[in-house]
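Letters A, B, ... are given to chains in the order of the sequence lines, protein chains preceding strands, and every chain is numbered from 1.
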2 protein chains.
Amino acid sequence: MKQLFIISFILVGCITLIAQSHPNLILTKQGVKDIKTGGTAPLFDKALAEAKAEIAQSLKVGIQVPIPKDAGGGYTHEQHKRNYKYMNLAGNLYQITGEKMYANYVKKMLTEYVAMYKDLPLHPVDKSYSRGKLFWQCLNEANWLVYTSQAYDAVYDCLSAKERKNFEDNLFRPFADFLSIENPKFFNRIHNHSTWGNAAVGMIGLVMKDEELINRALYGLSLSEQENLAKDNDGGFIYEKGQSKAGFLAQIDHAFSPDGYYTEGPYYQRYAMTPFMLFSLALHHNKEDLKIFEYRDGILLKAVYTLLYQTNQAGEFFPINDAMKGMSIGSGSVISAVNIAYGLNEDPELLSVAKLQSHVLLDHNGYAVARALQEGKAKPFFKKSVELRDGAKGDEGALGILRTLKDEDEIAVLFKYAAQGLGHGHFDKLSYSMYDGNTEVLQDYGSARWVNIDHKAGGRYLKENKSWAKQTIAHNTLVVDGKSHFAGKYEKANTFHSEPYFFNVDNANIQIISAKETNAYEDVAMQRTLILCNGDDFSGPILIDVMAAFSENEHQYELPFHYAEHFMRLNAELKSNLPKIMGEKHGYQHLYQEASSVIDGENLQFTWFRDNKMYSITAHADTGDEAIIARIGANDPNFNLRRDALLIHRKNKAKDALFLSLIEPHGSYSPVTETPDTPYSQIKSVQVILYNKEYTIFTIKDIHNTGHTFMLSNENNDSDSTHKIEHEGNVYEWKGTFKMNYK
Amino acid sequence: MKQLFIISFILVGCITLIAQSHPNLILTKQGVKDIKTGGTAPLFDKALAEAKAEIAQSLKVGIQVPIPKDAGGGYTHEQHKRNYKYMNLAGNLYQITGEKMYANYVKKMLTEYVAMYKDLPLHPVDKSYSRGKLFWQCLNEANWLVYTSQAYDAVYDCLSAKERKNFEDNLFRPFADFLSIENPKFFNRIHNHSTWGNAAVGMIGLVMKDEELINRALYGLSLSEQENLAKDNDGGFIYEKGQSKAGFLAQIDHAFSPDGYYTEGPYYQRYAMTPFMLFSLALHHNKEDLKIFEYRDGILLKAVYTLLYQTNQAGEFFPINDAMKGMSIGSGSVISAVNIAYGLNEDPELLSVAKLQSHVLLDHNGYAVARALQEGKAKPFFKKSVELRDGAKGDEGALGILRTLKDEDEIAVLFKYAAQGLGHGHFDKLSYSMYDGNTEVLQDYGSARWVNIDHKAGGRYLKENKSWAKQTIAHNTLVVDGKSHFAGKYEKANTFHSEPYFFNVDNANIQIISAKETNAYEDVAMQRTLILCNGDDFSGPILIDVMAAFSENEHQYELPFHYAEHFMRLNAELKSNLPKIMGEKHGYQHLYQEASSVIDGENLQFTWFRDNKMYSITAHADTGDEAIIARIGANDPNFNLRRDALLIHRKNKAKDALFLSLIEPHGSYSPVTETPDTPYSQIKSVQVILYNKEYTIFTIKDIHNTGHTFMLSNENNDSDSTHKIEHEGNVYEWKGTFKMNYK
């Protein structure tokens, strides 16, 4: 055993010796060689030319390392951000071109930082629970070190031992200590901020071969009871209840579900992926034994794919929870994640993503992607229908994504039956949104914020984010008695999650998800089943939305459909009114009712027009059901909200309630030929045959009178169980949870 | 003399003989040869493949010539439309491929039409002043003959003399007589309907070598006094007052201004170009002596360019008057006009337009375009700044278009100081709209209509077209006392036009237009001057809008800015209110006031956000001036109107009034990097130094305190006159109508 240890030691020592040459953090010696000898790669050449131009411009202006003064958006803040980006680029340019001027650029800038950092006090702006020195918060401080350690690694061999000692003793080590030992609240959380902190300390540790720093990054600082009670700026606890671990590995353990889903949603996952991937790649290069990319069944690479799955056809992330629309795979953090992943697995499908991104990293992974694209190796990135479990253990609900094709475009349905999503979560249990290509058929509003746009509350979250965007009525899900889920209380919402009931996408033509929610309201149980049909049974793809509520007591039930624009037709008499504010709280204070209608037939049918396409909802209606045409915009004195339209299907008084709605993308229009194609719904009727907690049976008829009957078992999802129901002279008999057409 | 006549006769006979060979209407024998021997041309190959596929599909379904029954949109209507299109394509396919099956297709379909037409009564739908037989209106009937005569010409040589006699005696001649002699109200107007009628009769006349029909087409039927009083469906007179001529040449005389401008605007010009270009090309091939393309100084080709000038960067027509947004150069009529024009002048700039259209005609002109594109002959189509005079004589006002570059995008300003534009005209004297690339900075609403979309009043003009879209407040121009120009009375508006005062685009960096309107209101004279600056004087292009009103009496003046979306910031306290309807008529009944503000400083500054770009208005404000934030949508029970936003700058009580406003495209935003670029206006102030009927002098200062003074002479546009004004210790001295900066 001892002998084995010695052999291992020698081997490890040998590996360590090889690893000691620089660069070896993100860029590697072999990587540089590959770039220099590998042939043309246009996308990489573009990245190279852009980097050269940026450094040339920076040299023209002159190196600027100002005394920290401004918060986000201000000059000193933005300049220090530019500096770490420039150092990173210059370091790589030095390695790739061999031109000494780039190494000198890094050296000169680092020298200025050393000089300034020595006696630098805390940043003058005191707005963060973890104030930095160069920046107003440690988060940016960690960003700086993540990129600067790459620059240091790249120019390491150019520096004298004395210079290195100076940088390490007077800048990097105190900087790393400040981020960790001096700021345990920042460093020791289970949080994306801390992930950046861990990565920063670990990466500089790897360059400096400082095992203590590396271990600190991997395993965190020791946790004390006292710290467990600390709170952050928003009044939330800094540490997880009963948290026993910290550090980078603990982040990996906690941040993702076993399916690589990040509980806050893709908008925040995108941001968090950078430190995960960068530090992991550095560990992969320097601590191969750790097998970091195999850790937790390869969760990091899985998370990259999971992130990519959560996009629409345009590559934009589904804007669930607090998220800005338009954020896409074009983001730098996704480029970095995709390039690193490709470097590891050479999956040709990732190349299609890179092609859409049309940017690569200025390193050997970026080069490998660009070169492979040049060689025509790209294969289409296949976004499959998936269920992404939520929660570190995968037992806190899930996000379901159904996809199918409609001509050239993809119909995508995103169904949210997950956990709350922490502080950025919205109160929208069982909500969904639907896309037709790049068109939002039924939208998720996203968050009420204009990031970094000063006119709008300095670019921070607006108060309408809480009063509107987070509320239930702002989503395509059921609202009971005009109140949000969990009454809009985060503390309560955070302790619950919805329950997946059934997920089956084996038949691409009939994909189905069903989930339940029993905690959002005191005495109402909800179950929602979504069925995406794309076979020859209907003239095109349709989404069947079965939303059932059960209660012992009478309630008002409202199901909104956020169609945004433009009203075409309702199959009932519409009474328009002067815009009237719909309520006082739970988001209703931001809604104007513009018109209403009492549905007199068996069905409510509503057609709208968006992006030159036409959509219809055909829904089962009970006697007395109302359709409300509403618009966002009330109590919005600063015009922070978009004036989008919605339809609300309302049942005024019911114990149990079934909303059975068909969403049908059927038509299109060309403003050039001025010709509509299929402007009318192809559905004649939807008819409920029976529904109760146990079973739902309904029939859909198209305009040619072809009918299909759907049967659902709501309490028994055993695929082998058989069900038999006799109802009004018919016998409905089937096996399994779901069946279309009997006999 | 007699001898000369004989020689001429022989020559003409000879020419006639050559011309007698078929095809020679649109497609020619030489043209077919060129196509067969000219080399590859991918766009043409695409047109060929599409045509083959369409005919194959039609053959699969079987030829269908149903008894006429339906109005527009219905089956028989659409089928007869398809039929003439198919016959035209099949005729050309026969010529190009030599395959007899295509000729047989045409022959068979014509045979069915002959059989049906013989005893065909008037169309059962009685909704037109000129009912057709195959269609509910003669207009469609004329469309049919324009395309079918091309098909007949293409297969002529395949037919026996007996077959030709049958087609001509029992179909074509009665058809042509029906369109002309039997429907003089349709045939003898000066109107785009009649242009189609003239072309149809003339084109079949050319194929049949029937000089009588050709002359009827060229010169019309004789006009009687009685006919002069006939009215059309809308109650308007069918004939022009005192009309003395009719027929195709009279249409050319009347339809266009000397600059090729069509008084209804580009949306209708696009539609009218087809019969003008097709019949003219047929005349060019068969009646070369007529020199039709040189007629009126080559007005037809000029009109093609004029039409193309009236587009934004995306190739969409400026939606002045009744016009649908999104109609573009991609329209079939423009493809046809551009292909024919290229066949005549081989202008390489037209190839750029064709490239954007990415479709060509299935004839030798289409082939020539596709081949030239393949050979890389295209040159950028340069859309210059132009003044397009209105009126047959060019003395009824004008449309001015200013263009300049902003980075990659083009800033375009469309200024309307023209005649009313007949029945499709809007009441918007001196209005303008502004584009930044494809983005509408300040929009023209266009018309309130959803063409061919049955949900919206059968696709016809909506009543909101009259009550909103035509009204003055729906445009970016001055409204006095809440009333539309000419009180919204067409009869009065149609007798007046605005007066061009000054137009100078010699200096691309300071382009200027000025025009006056003295008839829109009883006692208010208006002058508007637009100056588009793009030099180094400001940080980017800006538009200076000087709108002056003069009156002996006190009035309320309102200047709307149709920014559509999204409010970012106003530099004054904003008081929001429950949406309140702004008035009872003149369009105000469709507006909700959402907020208002009394401007307390010298300037009103308003910033908005659209298509990820940011724009600001900085305007001079007098004491008591108000800013109203309004939105379209009141009294719109069927949700026919878009809910777009506007800003109204209001002066409550004034005799003379000057609205001096700067429109500044200054910022942009990326939702991926979440970084705004220049979110704030770069203008610090606008200051009026003096203004009266004679002179306007003002100063603009940017945020760096750099100022520029502008001096305008409003009543003397002699470029040699000198002006000198002493005011508050300064002397303003300049030569000509306009000067920036004195001394």
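The closest side-chain donor-acceptor pair between A/Asp454 and B/Tyr680 falls under 3.5 angstrom.
Counted within 6.0 Å of NZ on B/Lys85, heavy atoms from surrounding residues, nucleotides or ligands total 12 or fewer; the atom is thus considered open.
Chain A forms more heavy-atom pairs under 4.5 Å with one residue of B/Arg569, B/Glu565, B/Arg631, B/Lys325 than with any other, namely B/Arg631. If you tally non-hydrogen atom pairs under 4.5 Å between each of A/Ser331, A/Ala595, A/Pro579, A/Pro676 and chain B, the highest count goes to A/Pro579. Per-residue heavy-atom pair counts under 4.5 Å with chain B were compared for A/Gly326, A/Ser576, A/Gly332, and the maximum is reached by A/Gly326. The greatest number of non-hydrogen atom pairs below 4.5 Å with chain B, out of A/Thr675, A/Ile629, A/Thr673, is found for A/Ile629. Chosen from A/Met324, A/Met327, A/His566, the residue pairing most often with chain B at heavy-atom distances under 4.5 Å is A/His566.
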request  = Start with the C-alpha gap between B/Trp450 and A/Tyr669, add the side-chain angles, then the distance that decides, and say whether ring pair (Phe, Tyr, Trp, His ring centres under 6.0 Å) holds.
outcome  = CA-CA 10 Å; B/Trp450 301 73; A/Tyr669 183 73; 8.0 Å; no

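With a 4.5 angstrom heavy-atom cutoff, B/Asn638 touches chain A only via backbone atoms. Proximity to chain A is absent for every atom of B/Ile329, based on heavy atoms less than 4.5 angstrom apart. For A/Tyr267, the part sitting under 4.5 Å from any heavy atom of chain B is the side chain, from C-beta outward, and nothing else. Of the atoms belonging to B/Asn640, it is backbone heavy atoms, and not side-chain ones, that fall under 4.5 Å from chain A. If you measure heavy-atom distances from B/Thr607 to chain A, the contacts under 4.5 Å come from the side chain alone.
Scanning for ring pair (Phe, Tyr, Trp, His ring centres under 6.0 Å) contacts around A/Tyr461 gives A/His424, with sequence neighbours left out. Under the ring pair (Phe, Tyr, Trp, His ring centres under 6.0 Å) criterion, B/Tyr563 pairs with B/Phe606, B/Trp608, sequence neighbours left out.
In this structure, A/Met568 and B/Ile453 have side chains that are in contact, with non-hydrogen atoms separated by less than 4.5 Å. Side-chain contact between B/Phe609 and A/His455 is absent, with no heavy atoms from C-beta onward closer than 4.5 Å.
Atoms CZ and CD, on A/Arg449 and B/Glu674 in that order, are 7.0 Å from each other to the nearest 0.5 Å. Distance check, rounded to the nearest 0.5 Å: CG of B/Asp636 to CZ of A/Phe567 gives 9.5 Å.
The shortest heavy-atom contact between B/Leu578 and A/Tyr592 is CD2-CE2, 4.0 Å.
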